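These numbers come from a predicted model, not from an experiment. A note on names: the letters A, B, ... follow the listed sequences, proteins ahead of strands, and every chain is numbered from 1. Below, each value reflects all heavy atoms present in this structure, side chains not excepted, and no hydrogens, waters or symmetry copies.
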2 protein chains.
Amino acid sequence: MVTSRDVAHAAHVSQATVSRVLNGNTRVAPEARERVLRALDELGYVPNASAKAMRTARAGAVGIVASEMLNPYFPRLLDALTREARERDLTVLLWNDDDPAAPMAQAGVKSGAVDAVIFAAAKQETTGVDQLASRGVPVMLVNRADPGNPVDQVTSDHEGSGYAAAAYFLDRGRDDLATVFGPRDTFASPARERGFRRCLAERGVEVATRRWFVGTTSYEHGWASATALLESGTLPSAVFCSADLIAFGVISALRRGGVRVPEDVWVMGNDGLPMSEWDPFDLTTHRQPIEEIAKQGMDRLVARMAGEHGEPRRIMIPTELIVRGSTAHA
Amino acid sequence: MVTSRDVAHAAHVSQATVSRVLNGNTRVAPEARERVLRALDELGYVPNASAKAMRTARAGAVGIVASEMLNPYFPRLLDALTREARERDLTVLLWNDDDPAAPMAQAGVKSGAVDAVIFAAAKQETTGVDQLASRGVPVMLVNRADPGNPVDQVTSDHEGSGYAAAAYFLDRGRDDLATVFGPRDTFASPARERGFRRCLAERGVEVATRRWFVGTTSYEHGWASATALLESGTLPSAVFCSADLIAFGVISALRRGGVRVPEDVWVMGNDGLPMSEWDPFDLTTHRQPIEEIAKQGMDRLVARMAGEHGEPRRIMIPTELIVRGSTAHA
DNA sequence: CTGAAAGCGCTAACAT
DNA sequence: ATGTTAGCGCTTTCAG
């Protein structure tokens, strides 16, 4: 291992001068600086992260708590977050932790391994978030709007996308509806549900309880719900799904049952997964601005790490309706 | 922050005794140990990671270099790897780094932030791997067999799955073949290609060059290749795709062109993605033992971190052929 | 402008 | 069995 002492020796200066050159906040004589820079380069010096962290009491790292890595939106989010982190010279620690108390994050903060935590978990339970936030640790919620929680959050407008979905159907005379939602203990799905309901209420449209399905965010849940619709004898004119994955299952089951999409039934998803564009689905959906969420989330977090105080900020980014063949018929 | 001094003070012992209790290699009087344990618990003590790392010269962390987070097998691998890491009390640093020299990993090791590196990148270029390995850093290659590289590697048998694919077709009299492969500069695709070719050679079967497609690992590449087949006027009796994603595109394009799968053309994928089971695809494929790869990979890495020397180990795990409706017709 | 020295929290000798 | 002490590599006073 090459230490700053080695560099100092090679450059015929004191170790403190090497440190000064590296941090650049103090004045150093041009010739000395030159020698140090050369030695730095020749020896391939890289500062010891632990020593620096111990001395400065800052790890230069953020932790990401992920409980649903297999959720299809997660890779895009992680890709975007790690890219943003790199641009800001932040190290990323990844915790695969599905405990709502987020014990790994608690330990990560207490051990000084990270300076801040990003919660990318889908579940509503927030004991872990609360504990950290109350200790003054910079905490960020991505893609979940939690008005009751006094921490920074950046999310897409889940409720708005649900509202837009219902409005889209009703504006086009499709008022014989069915819906298939994900779990109630997550953020995104209930929010989309609320938005959908709000629009229904405004227009005085009702949806029968037996056509209001709630389950997991999965192809299988969509398949099962659509199968139930088929078996009920009468079909709705349109189905809204709170997630693309669910919509794929709905479309597949309907077609398997001899029902045409969109001629007989319209189907809409939500998420804008790359697959939604595939020919067998050609799904009308709402694009989630993942990159934008990652970017703004990191911006906020970095500001807090830099010591910014003040009220928690709740940033909401609108989604974009993408109309495709699963609803668009002449 | 709670330090071991605070604990020592609360327990009326010296700080060294606290350390002894924590590390448990030296004898401590029962009553003292008891007091320390209680203080530890009451104060919610967590050792400072930096101090420990600096003192022991071990970070207790591994880095994962990922260049293709959006590759659909990646989330499963990452999920499995982080799970394994947690079981072994290892922290995971994630580097989103597509530079073959893996500069983030180099810095991570030099700075002492990690003790070992896992390469989960798809590309063949290995300057980064070589540099670390030659410096004696524990390095692990997951899901890429690179016989020329003297480092530990755990991979599924890509070549074997290619061979099995060809054998499956030929054993059933399907010898009018087409193939659609992923990029030549990755590990998995060319290996699958080699296996497929080897079986063809053994049986004296040839595939026309214009029916041997090479491109990206994507739905789009599958779609484009199948479209070319359709436009060529004559169809093969079976198509092997080096990845499920590609196969989804092939099936979609064939069906869009009015061709029935499997009645007219058989299609086989490779990867065993969850979607391969979906009704619109119902794809025959080769399941990749991702969890097993992660587990054995971590086992090897931990052994090396513990100081195990000796020849690099190349572990190869067989894949499993899953026959579904895209090939199985009476 | 620069060198010497203190100290971050911890482990591991070294004393006792 | 346990307290004292010396650093790990770094940043930051404090002298000069």
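- As a whole-Å value, the separation of Met1(B) CE from dG7(C) P is 18 Å.
- Not one side-chain nitrogen or oxygen of Thr17(A) sits closer than 4.0 Å to the OP1 or OP2 atom of dC1(C).
- Residue-level contact check: Ala32(A) touches the backbone only, with heavy atoms under 4.0 Å from sugar-phosphate atoms and none from bases.
- Between the P atom of dA6(D) and the CE atom of Met54(B) lies a distance of 17 Å, rounded to the nearest Å.
- Atom CG of Asp79(A) is separated from atom CD of Glu84(A) by 10.0 Å, given to the nearest 0.5 angstrom.
- Side-chain contact between Ile118(A) and Met298(A): present, with at least one pair of heavy atoms (C-beta onward) separated by less than 4.5 Å.
- Between the P atom of dA4(C) and the NE2 atom of His9(A) lies a distance of 12 Å, rounded to the nearest Å.
- Among residues at least two apart or in separate chains, salt bridge (Lys or Arg N to Asp or Glu O under 4.0 Å) pairs with a member in residues 290-306 of chain B are Arg88(B)-Asp299(B), Asp152(B)-Arg300(B), Asp152(B)-Arg304(B), Arg300(B)-Glu308(B), Arg304(B)-Glu308(B).
- The distance between atom CG of Leu40(B) and atom P of dG9(C), rounded to the nearest whole Å, is 16 Å.
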Please enumerate all protein N or O atoms sitting under 3.5 Å from an N or O of nucleotides 10-13 of chain C, with distances to 0.1 Å.
residue, atom, partner, partner atom, Å
dC10(C), OP1, Tyr45(B), OH, 2.3
dC10(C), OP1, Asn48(B), N, 3.2
dC10(C), OP2, Ser4(B), N, 2.6
dC10(C), OP2, Ser4(B), OG, 2.6
dT11(C), OP1, Asn23(B), ND2, 3.4
dT11(C), OP2, Ser19(B), OG, 2.7
dT11(C), O2, Arg55(B), NH1, 2.2

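- Using modelled atom types, one finds no donor on one side chain facing an acceptor on the other under 3.5 Å when comparing Asp130(B) with Ser134(B).
- Closest to the side chain of Val13(A), from the set dT2(C), dG3(C), dA1(D), is dG3(C).
- Here the CZ atom belonging to Arg86(A) is positioned 13.0 Å from the CG atom belonging to Leu81(A), to the nearest 0.5 angstrom.
- A distance-only check finds no donor-acceptor pair linking the side chain of Asn149(A) to the backbone of Val151(A) [under 3.5 Å].
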